[in-house]
Amino acid sequence: GRSIMAPPGLPAERVSEVRKAFSAALRDPELLNEAARGGIDIMPMGGEDLQAMIMQSVQVPPATVTRVKNLVEQAK
């Protein structure tokens with residue numbers, strides 16, 4: 001998949017409008033037909049869901065970070 005990102009500090013109302021527009025574009029029948037003709041699957045994930053997934057993936061317990069650092073050092 002591909003993500004669309006915006007710069008830090010973008011006002012919340014702008015983020016909301018971009019998300020709405022992007023979501024609407026991905027429901028456009030003409031776009032979906034063109035994608036299908038090109039063999040492209042479009043399976044959009046909402047911006048809020050994607051942001052939550054990213055935030056969850058970067059929240060790593062300190063003990064895990066220490067363990068991975070130790071494993072990397074041992075592998076050298």
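Being a predicted model, the structure only gives us computed values, none of them experimental.
From L50, atom CG reaches atom CE of M5 across 9.0 Å, with rounding to the nearest 0.5 Å.
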Residues E17, K20; criterion side-chain contact (heavy atoms from CB on, under 4.5 Å); working and verdict: CA-CA 5 Å; E17 289 302 315; K20 285 179 193 174; 3.7 Å; yes
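Smallest separation of non-hydrogen atoms from L10 and A6: CD2-CB, 3.5 Å. L26 and L32 make their closest contact through O-CD2, 3.4 Å (heavy atoms, listed as atom of the first residue, atom of the second, distance). The minimum heavy-atom distance linking L31 with A25 is given by the pair CD2-O, 3.1 Å.
No side-chain donor from either of R19 and S23 sits under 3.5 Å from a side-chain acceptor of the other.
Formation of a donor-acceptor pair under 3.5 Å by the S16 side chain with backbone atoms of A12 is not found in this model. Proximity of a side-chain donor or acceptor of S57 to a complementary backbone N or O of I54 within less than 3.5 Å is detected.
Residues I42 and I4 are members of one and the same hydrophobic cluster, defined by side-chain heavy-atom contacts under 4.5 angstrom among Ile, Leu, Val, Met, Phe, Trp and Tyr.
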